[in-house]
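Worth knowing before you read on, the calculation uses all heavy atoms, side chains too, and leaves out hydrogens, waters and symmetry mates. By convention in this document, chain letters (A, B, ...) are assigned in the order of the sequence lines, proteins followed by strands, and residues within each chain are numbered from 1.
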There are 2 protein chains.
Amino acid sequence: MSALSRQAMAEHGADRFEASGTGGGEAPAVDFGPLAESLGFRLRLAQIKAFEDFFSAFAEEGLQPGSFSVLITIGENPGIRQGVLAGALMIKRSHMAKIVQGFDEAGLVERRVPQDDRRAVELTLTAAGRQRVEAVMPKFLAHEKASAAALTETERQTLLSLLHKLGGF
Amino acid sequence: MSALSRQAMAEHGADRFEASGTGGGEAPAVDFGPLAESLGFRLRLAQIKAFEDFFSAFAEEGLQPGSFSVLITIGENPGIRQGVLAGALMIKRSHMAKIVQGFDEAGLVERRVPQDDRRAVELTLTAAGRQRVEAVMPKFLAHEKASAAALTETERQTLLSLLHKLGGF
DNA sequence: TGTGGATTGTTTTTGAGTGGACAAACTCTG
DNA sequence: CAGAGTTTGTCCACTCAAAAACAATCCACA
(Lines give C-alpha, C1' and ligand atoms only; values in the text may rest on other atoms or scores of the structure.)
Protein backbone atom coordinates (compact mmCIF):
# COMPACT_ATOMS: atom_id res chain seq x y z
CA MET A 1 0.00 0.00 0.00
CA SER A 2 1.47 3.36 -0.94
CA ALA A 3 1.51 6.08 1.65
CA LEU A 4 -0.68 8.37 -0.39
CA SER A 5 -3.27 5.76 -1.24
CA ARG A 6 -4.17 5.58 2.41
CA GLN A 7 -6.01 8.82 2.08
CA ALA A 8 -9.22 7.27 0.83
CA MET A 9 -9.21 4.53 3.44
CA ALA A 10 -8.79 6.92 6.29
CA GLU A 11 -12.03 8.65 5.49
CA HIS A 12 -13.75 5.55 6.80
CA GLY A 13 -11.80 5.63 10.00
CA ALA A 14 -10.93 1.99 9.64
CA ASP A 15 -7.17 1.94 9.20
CA ARG A 16 -4.45 1.82 11.75
CA PHE A 17 -0.88 2.73 11.00
CA GLU A 18 1.60 0.46 12.64
CA ALA A 19 5.19 0.66 13.69
CA SER A 20 7.23 -2.07 12.15
CA GLY A 21 10.86 -2.20 13.12
CA THR A 22 13.12 -0.26 10.80
CA GLY A 23 15.68 -2.76 9.77
CA GLY A 24 16.35 -5.69 11.96
CA GLY A 25 13.84 -8.39 11.04
CA GLU A 26 11.29 -9.52 13.59
CA ALA A 27 10.36 -6.32 15.45
CA PRO A 28 6.78 -6.76 16.66
CA ALA A 29 4.14 -4.49 15.18
CA VAL A 30 2.78 -1.89 17.57
CA ASP A 31 -0.70 -0.45 17.24
CA PHE A 32 -0.69 3.30 17.78
CA GLY A 33 -4.45 3.54 17.92
CA PRO A 34 -5.72 7.11 17.77
CA LEU A 35 -2.14 8.33 17.96
CA ALA A 36 -1.54 7.17 14.41
CA GLU A 37 -3.85 9.93 13.21
CA SER A 38 -2.30 12.57 15.44
CA LEU A 39 -0.26 15.24 13.73
CA GLY A 40 1.58 16.10 16.91
CA PHE A 41 2.59 12.50 17.47
CA ARG A 42 3.78 11.98 13.90
CA LEU A 43 5.65 15.26 14.03
CA ARG A 44 7.42 14.17 17.17
CA LEU A 45 8.48 10.85 15.65
CA ALA A 46 9.70 12.46 12.45
CA GLN A 47 11.55 15.14 14.30
CA ILE A 48 13.33 12.77 16.66
CA LYS A 49 14.50 10.77 13.69
CA ALA A 50 15.65 13.92 11.88
CA PHE A 51 17.59 14.99 14.95
CA GLU A 52 19.27 11.63 15.30
CA ASP A 53 20.34 11.74 11.67
CA PHE A 54 21.68 15.24 12.11
CA PHE A 55 23.59 14.21 15.19
CA SER A 56 25.23 11.19 13.63
CA ALA A 57 26.25 13.34 10.67
CA PHE A 58 27.58 16.35 12.57
CA ALA A 59 28.82 14.82 15.79
CA GLU A 60 32.45 15.33 14.84
CA GLU A 61 31.86 19.00 14.07
CA GLY A 62 30.44 19.44 17.56
CA LEU A 63 27.33 20.94 16.04
CA GLN A 64 23.78 20.68 17.27
CA PRO A 65 20.74 21.44 15.15
CA GLY A 66 19.54 24.21 17.42
CA SER A 67 22.70 26.21 17.75
CA PHE A 68 23.57 25.68 14.11
CA SER A 69 20.28 27.28 13.12
CA VAL A 70 21.12 30.21 15.38
CA LEU A 71 24.44 30.73 13.68
CA ILE A 72 22.95 30.60 10.19
CA THR A 73 20.12 32.94 11.05
CA ILE A 74 22.48 35.52 12.52
CA GLY A 75 24.47 35.31 9.31
CA GLU A 76 21.36 35.91 7.24
CA ASN A 77 20.18 38.76 9.46
CA PRO A 78 23.15 40.80 10.63
CA GLY A 79 22.37 42.98 13.61
CA ILE A 80 19.30 40.99 14.59
CA ARG A 81 18.03 41.47 18.14
CA GLN A 82 18.51 38.51 20.42
CA GLY A 83 14.85 38.37 21.37
CA VAL A 84 13.69 38.54 17.76
CA LEU A 85 16.02 35.69 16.92
CA ALA A 86 14.68 33.65 19.80
CA GLY A 87 11.11 34.27 18.71
CA ALA A 88 11.75 33.31 15.11
CA LEU A 89 13.55 30.10 16.00
CA MET A 90 11.13 29.28 18.82
CA ILE A 91 13.93 29.15 21.35
CA LYS A 92 13.20 30.59 24.78
CA ARG A 93 15.02 33.78 25.58
CA SER A 94 16.72 32.25 28.59
CA HIS A 95 18.12 29.49 26.46
CA MET A 96 19.12 31.87 23.69
CA ALA A 97 21.17 33.85 26.22
CA LYS A 98 23.21 30.73 26.94
CA ILE A 99 23.68 29.83 23.30
CA VAL A 100 24.79 33.30 22.33
CA GLN A 101 27.10 33.43 25.33
CA GLY A 102 28.76 30.29 24.06
CA PHE A 103 29.19 31.66 20.56
CA ASP A 104 30.52 34.89 21.95
CA GLU A 105 33.15 33.11 24.01
CA ALA A 106 34.02 30.99 20.97
CA GLY A 107 34.56 34.18 19.02
CA LEU A 108 31.93 33.35 16.40
CA VAL A 109 29.39 36.03 17.24
CA GLU A 110 29.68 39.66 18.25
CA ARG A 111 27.20 41.26 20.63
CA ARG A 112 26.64 44.95 20.30
CA VAL A 113 24.43 47.11 22.52
CA PRO A 114 22.72 49.80 20.43
CA GLN A 115 22.67 53.36 21.81
CA ASP A 116 18.96 53.87 21.30
CA ASP A 117 18.08 50.92 23.55
CA ARG A 118 20.70 49.84 26.02
CA ARG A 119 18.74 46.79 27.14
CA ALA A 120 18.95 45.19 23.71
CA VAL A 121 21.70 43.16 22.08
CA GLU A 122 22.37 43.12 18.36
CA LEU A 123 24.10 40.06 16.96
CA THR A 124 26.52 39.74 14.07
CA LEU A 125 28.83 37.01 12.88
CA THR A 126 32.51 37.62 13.27
CA ALA A 127 34.84 36.70 10.43
CA ALA A 128 35.47 33.41 12.21
CA GLY A 129 31.74 32.88 12.49
CA ARG A 130 31.17 33.42 8.79
CA GLN A 131 34.05 31.11 8.02
CA ARG A 132 32.57 28.44 10.23
CA VAL A 133 29.19 28.64 8.53
CA GLU A 134 30.74 28.50 5.09
CA ALA A 135 32.84 25.53 6.10
CA VAL A 136 29.89 23.49 7.31
CA MET A 137 27.29 24.58 4.76
CA PRO A 138 28.20 22.11 1.99
CA LYS A 139 27.97 19.20 4.39
CA PHE A 140 24.69 20.54 5.69
CA LEU A 141 23.18 20.81 2.22
CA ALA A 142 24.35 17.30 1.40
CA HIS A 143 22.80 16.05 4.61
CA GLU A 144 19.51 17.74 3.76
CA LYS A 145 19.46 16.10 0.41
CA ALA A 146 20.21 12.68 1.86
CA SER A 147 17.64 12.95 4.63
CA ALA A 148 14.90 13.65 2.10
CA ALA A 149 15.90 10.73 -0.08
CA ALA A 150 12.71 8.85 0.77
CA LEU A 151 10.63 11.58 -0.87
CA THR A 152 10.40 12.84 -4.40
CA GLU A 153 11.23 16.50 -4.89
CA THR A 154 7.54 17.28 -5.35
CA GLU A 155 6.67 15.48 -2.14
CA ARG A 156 9.42 17.30 -0.31
CA GLN A 157 8.11 20.67 -1.43
CA THR A 158 4.57 19.68 -0.52
CA LEU A 159 5.72 18.63 2.93
CA LEU A 160 7.53 21.93 3.45
CA SER A 161 4.46 23.85 2.35
CA LEU A 162 2.15 21.91 4.64
CA LEU A 163 4.43 22.31 7.64
CA HIS A 164 4.62 25.99 6.85
CA LYS A 165 0.87 26.24 6.63
CA LEU A 166 0.32 24.21 9.79
CA GLY A 167 2.52 26.56 11.76
CA GLY A 168 0.45 29.46 10.53
CA PHE A 169 3.41 31.67 9.67
CA MET B 1 0.80 33.69 -2.27
CA SER B 2 -0.60 30.35 -1.23
CA ALA B 3 1.67 27.87 0.45
CA LEU B 4 1.31 25.32 -2.31
CA SER B 5 1.93 27.74 -5.15
CA ARG B 6 5.42 28.23 -3.83
CA GLN B 7 6.37 24.91 -5.25
CA ALA B 8 7.06 26.18 -8.75
CA MET B 9 9.08 29.14 -7.52
CA ALA B 10 11.32 27.04 -5.39
CA GLU B 11 12.61 25.16 -8.40
CA HIS B 12 14.45 28.31 -9.35
CA GLY B 13 15.96 28.62 -5.91
CA ALA B 14 14.93 32.25 -5.71
CA ASP B 15 12.43 32.40 -2.88
CA ARG B 16 12.99 32.83 0.79
CA PHE B 17 10.41 31.96 3.40
CA GLU B 18 10.24 34.41 6.22
CA ALA B 19 9.13 34.40 9.81
CA SER B 20 6.60 37.07 10.51
CA GLY B 21 5.43 37.35 14.09
CA THR B 22 2.37 35.31 14.91
CA GLY B 23 0.00 37.76 16.43
CA GLY B 24 1.29 40.91 17.90
CA GLY B 25 1.67 43.38 15.07
CA GLU B 26 5.10 44.69 14.16
CA ALA B 27 7.36 41.66 14.64
CA PRO B 28 10.30 42.09 12.28
CA ALA B 29 10.65 39.64 9.43
CA VAL B 30 13.52 37.19 9.79
CA ASP B 31 15.26 35.61 6.82
CA PHE B 32 15.90 31.93 7.38
CA GLY B 33 18.12 31.57 4.34
CA PRO B 34 18.88 27.97 3.45
CA LEU B 35 17.13 26.85 6.64
CA ALA B 36 13.78 27.71 5.08
CA GLU B 37 14.21 24.78 2.73
CA SER B 38 15.36 22.40 5.46
CA LEU B 39 12.95 19.64 6.41
CA GLY B 40 14.59 19.16 9.77
CA PHE B 41 14.31 22.82 10.62
CA ARG B 42 10.65 23.06 9.59
CA LEU B 43 9.90 19.87 11.49
CA ARG B 44 11.46 21.28 14.60
CA LEU B 45 9.45 24.50 14.35
CA ALA B 46 6.19 22.71 13.71
CA GLN B 47 6.81 20.27 16.50
CA ILE B 48 7.67 22.91 19.08
CA LYS B 49 4.48 24.71 18.24
CA ALA B 50 2.47 21.50 18.46
CA PHE B 51 3.98 20.79 21.88
CA GLU B 52 3.21 24.25 23.15
CA ASP B 53 -0.38 23.90 22.05
CA PHE B 54 -0.63 20.53 23.71
CA PHE B 55 0.81 21.92 26.92
CA SER B 56 -1.51 24.88 27.13
CA ALA B 57 -4.44 22.57 26.54
CA PHE B 58 -3.47 19.82 28.98
CA ALA B 59 -1.55 21.69 31.64
CA GLU B 60 -4.32 21.28 34.20
CA GLU B 61 -4.48 17.53 33.60
CA GLY B 62 -0.78 17.31 34.40
CA LEU B 63 -0.25 15.53 31.11
CA GLN B 64 2.75 15.67 28.82
CA PRO B 65 2.71 14.57 25.20
CA GLY B 66 5.37 11.93 25.68
CA SER B 67 3.98 10.12 28.67
CA PHE B 68 0.45 10.41 27.34
CA SER B 69 1.51 8.58 24.19
CA VAL B 70 3.03 5.87 26.38
CA LEU B 71 -0.22 5.42 28.25
CA ILE B 72 -2.30 5.22 25.09
CA THR B 73 0.06 2.79 23.41
CA ILE B 74 0.03 0.46 26.38
CA GLY B 75 -3.75 0.56 26.25
CA GLU B 76 -3.75 -0.34 22.57
CA ASN B 77 -1.17 -3.11 23.04
CA PRO B 78 -1.80 -4.90 26.34
CA GLY B 79 1.18 -6.91 27.50
CA ILE B 80 3.64 -5.03 25.31
CA ARG B 81 7.30 -5.35 26.25
CA GLN B 82 8.87 -2.25 27.68
CA GLY B 83 11.67 -2.24 25.14
CA VAL B 84 9.32 -2.69 22.21
CA LEU B 85 7.28 0.21 23.46
CA ALA B 86 10.37 2.36 23.76
CA GLY B 87 11.46 1.49 20.25
CA ALA B 88 8.09 2.24 18.71
CA LEU B 89 7.77 5.61 20.44
CA MET B 90 11.44 6.48 19.92
CA ILE B 91 12.01 6.88 23.62
CA LYS B 92 15.29 5.62 25.03
CA ARG B 93 15.04 2.60 27.23
CA SER B 94 16.56 4.38 30.21
CA HIS B 95 13.94 7.09 29.97
CA MET B 96 11.13 4.61 29.46
CA ALA B 97 12.15 2.92 32.70
CA LYS B 98 11.57 6.19 34.53
CA ILE B 99 8.25 6.89 32.84
CA VAL B 100 6.90 3.42 33.52
CA GLN B 101 8.12 3.60 37.10
CA GLY B 102 6.08 6.76 37.53
CA PHE B 103 2.96 5.18 36.07
CA ASP B 104 3.45 2.13 38.21
CA GLU B 105 3.67 4.20 41.37
CA ALA B 106 0.63 6.15 40.26
CA GLY B 107 -1.24 2.88 39.90
CA LEU B 108 -1.99 3.38 36.21
CA VAL B 109 0.18 0.62 34.78
CA GLU B 110 0.92 -2.91 35.86
CA ARG B 111 4.31 -4.50 35.25
CA ARG B 112 4.40 -8.25 34.87
CA VAL B 113 7.47 -10.44 34.39
CA PRO B 114 6.69 -13.30 32.01
CA GLN B 115 7.89 -16.80 32.94
CA ASP B 116 9.46 -17.56 29.60
CA ASP B 117 11.81 -14.54 29.86
CA ARG B 118 12.42 -13.25 33.33
CA ARG B 119 14.42 -10.25 32.13
CA ALA B 120 11.44 -8.75 30.34
CA VAL B 121 8.57 -6.65 31.61
CA GLU B 122 5.10 -6.77 30.11
CA LEU B 123 2.95 -3.71 30.56
CA THR B 124 -0.81 -3.43 30.95
CA LEU B 125 -3.12 -0.64 31.98
CA THR B 126 -4.82 -1.05 35.32
CA ALA B 127 -8.49 -0.19 35.64
CA ALA B 128 -7.45 3.23 36.86
CA GLY B 129 -5.16 3.59 33.85
CA ARG B 130 -7.93 2.74 31.40
CA GLN B 131 -10.23 5.13 33.18
CA ARG B 132 -7.63 7.88 32.94
CA VAL B 133 -7.19 7.37 29.21
CA GLU B 134 -10.92 7.32 28.60
CA ALA B 135 -11.35 10.47 30.64
CA VAL B 136 -8.78 12.43 28.65
CA MET B 137 -9.42 11.01 25.19
CA PRO B 138 -12.34 13.25 24.19
CA LYS B 139 -10.33 16.34 25.05
CA PHE B 140 -7.37 14.94 23.17
CA LEU B 141 -9.41 14.30 20.03
CA ALA B 142 -10.88 17.77 20.22
CA HIS B 143 -7.40 19.20 20.58
CA GLU B 144 -6.22 17.26 17.55
CA LYS B 145 -9.04 18.61 15.51
CA ALA B 146 -8.38 22.18 16.61
CA SER B 147 -4.66 22.00 16.02
CA ALA B 148 -5.21 20.93 12.42
CA ALA B 149 -7.70 23.70 11.78
CA ALA B 150 -5.28 25.49 9.45
CA LEU B 151 -5.37 22.52 7.07
CA THR B 152 -8.12 20.94 5.03
CA GLU B 153 -8.82 17.30 5.76
CA THR B 154 -7.11 16.32 2.53
CA GLU B 155 -4.03 18.35 3.41
CA ARG B 156 -3.98 16.82 6.88
CA GLN B 157 -4.02 13.31 5.45
CA THR B 158 -1.35 14.20 2.94
CA LEU B 159 0.83 15.59 5.70
CA LEU B 160 0.40 12.44 7.78
CA SER B 161 1.30 10.29 4.80
CA LEU B 162 4.40 12.30 3.98
CA LEU B 163 5.63 12.26 7.58
CA HIS B 164 5.02 8.55 7.60
CA LYS B 165 6.96 8.11 4.40
CA LEU B 166 9.79 10.38 5.52
CA GLY B 167 10.30 8.32 8.65
CA GLY B 168 10.57 5.22 6.52
CA PHE B 169 8.35 3.08 8.74
C1' DT C 1 9.53 65.14 36.49
C1' DG C 2 8.82 60.93 38.21
C1' DT C 3 6.39 56.87 38.97
C1' DG C 4 4.11 52.45 37.50
C1' DG C 5 4.23 49.19 34.16
C1' DA C 6 6.23 46.89 30.15
C1' DT C 7 10.27 45.05 27.61
C1' DT C 8 14.95 42.94 27.19
C1' DG C 9 18.27 39.99 28.49
C1' DT C 10 20.51 37.19 32.41
C1' DT C 11 20.72 34.05 36.32
C1' DT C 12 18.98 30.29 38.99
C1' DT C 13 16.49 26.40 39.66
C1' DT C 14 14.00 22.45 38.13
C1' DG C 15 12.75 18.69 35.10
C1' DA C 16 13.11 16.01 30.74
C1' DG C 17 15.99 13.10 28.20
C1' DT C 18 20.51 10.75 27.05
C1' DG C 19 24.77 7.83 27.54
C1' DG C 20 27.15 4.51 29.75
C1' DA C 21 28.03 1.11 33.19
C1' DC C 22 25.78 -2.51 35.30
C1' DA C 23 23.32 -7.03 36.81
C1' DA C 24 20.35 -10.58 35.55
C1' DA C 25 18.71 -13.57 32.27
C1' DC C 26 18.78 -15.73 27.83
C1' DT C 27 21.04 -18.06 23.63
C1' DC C 28 24.34 -20.18 20.97
C1' DT C 29 28.18 -23.07 20.23
C1' DG C 30 31.62 -26.32 21.34
C1' DC D 1 27.15 -28.62 30.51
C1' DA D 2 30.24 -24.42 30.43
C1' DG D 3 31.51 -20.38 28.70
C1' DA D 4 31.19 -16.24 25.69
C1' DG D 5 28.29 -13.05 23.77
C1' DT D 6 23.65 -10.79 23.54
C1' DT D 7 19.43 -8.92 25.20
C1' DT D 8 16.53 -6.55 28.75
C1' DG D 9 15.72 -3.45 32.06
C1' DT D 10 17.74 -0.33 35.78
C1' DC D 11 20.71 3.07 37.96
C1' DC D 12 23.75 7.09 38.00
C1' DA D 13 25.87 11.08 36.16
C1' DC D 14 25.37 14.40 33.00
C1' DT D 15 23.48 17.76 29.39
C1' DC D 16 19.78 20.34 27.25
C1' DA D 17 15.97 23.26 27.72
C1' DA D 18 12.20 25.56 30.15
C1' DA D 19 10.08 28.30 34.15
C1' DA D 20 10.57 31.58 37.25
C1' DA D 21 12.76 35.23 39.60
C1' DC D 22 15.60 39.09 38.72
C1' DA D 23 18.05 43.62 37.20
C1' DA D 24 18.35 47.12 33.94
C1' DT D 25 16.24 50.00 30.79
C1' DC D 26 12.58 52.13 28.34
C1' DC D 27 7.93 54.14 27.81
C1' DA D 28 3.41 56.33 28.95
C1' DC D 29 1.08 59.45 31.29
C1' DA D 30 -0.25 62.35 34.91
Exercise for review: Could you check A:Arg42 against A:Glu37 for salt bridge (Lys or Arg N to Asp or Glu O under 4.0 Å), going step by step and ending with a plain yes or no?
Suggested key: CA-CA 8 Å; A:Arg42 286 282 169 203; A:Glu37 284 285 311; over 6 Å; no

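- Residue A:Phe55 is not grouped with residue A:Phe140 when hydrophobic side chains (ILVMFWY) are merged at heavy-atom distances under 4.5 angstrom, including chains of intermediate members.
- B:Met137 is connected to B:Leu63 through a chain of hydrophobic side-chain contacts under 4.5 Å among Ile, Leu, Val, Met, Phe, Trp and Tyr, so both are in one cluster.
- Spacing between atom CD of B:Gln82 and atom P of D:dC11 amounts to 11 Å, rounded to whole angstrom units.
- Rounded to whole angstrom, the span from the CD1 atom of A:Ile80 across to the C1' atom of C:dG9 amounts to 15 Å.
- Contact of the B:Phe32 side chain with the A:Ser69 side chain is not registered, since no non-hydrogen atoms from C-beta on lie closer than 4.5 Å.
- Partners of B:Phe58 according to the ring-ring contact (aromatic ring centres under 6.0 Å, His included) rule, which considers only residues two or more places apart in sequence or in another chain, are B:Phe54, B:His143.
- Rounded to an integer number of Å, the gap from A:Leu85 CG to C:dT8 C1' is 14 Å.
- Atom CZ in A:Arg112 sits roughly 16 Å away from atom C1' in C:dT8 (whole-Å rounding).
- In terms of modelled atom types and a separation under 3.5 Å, the side chain of A:Arg44 and the main chain of B:Leu89 share a donor-acceptor contact.
- Nearest nucleotide to the side chain of A:Arg81, out of D:dG9, C:dT11, C:dG9: C:dG9.
- Within residues 113-121 of chain B, the residues approaching DNA chain C are B:Asp116, B:Asp117, B:Arg118, B:Arg119, by heavy-atom distance under 4.0 Å.
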Nucleotides 17-20 of chain D: which of its N/O atoms have a protein N/O under 3.5 Å away?
from: D:dA17; atom 1: OP2; to: A:His95; atom 2: NE2; distance (Å): 3.0
from: D:dA19; atom 1: N6; to: A:Ser94; atom 2: OG; distance (Å): 3.4

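- Counting only distance, with no hydrogens or angles, the side chain of B:Lys139 and the backbone of B:Ala57 share a donor-acceptor pair below 3.5 Å.
- For the pair B:Arg93 CZ and C:dA24 P, the interatomic distance rounds to 17 Å; values are reported in whole Å.
- In this structure a side-chain-to-backbone donor-acceptor pair under 3.5 Å is missing from B:Thr124 to B:Pro78.
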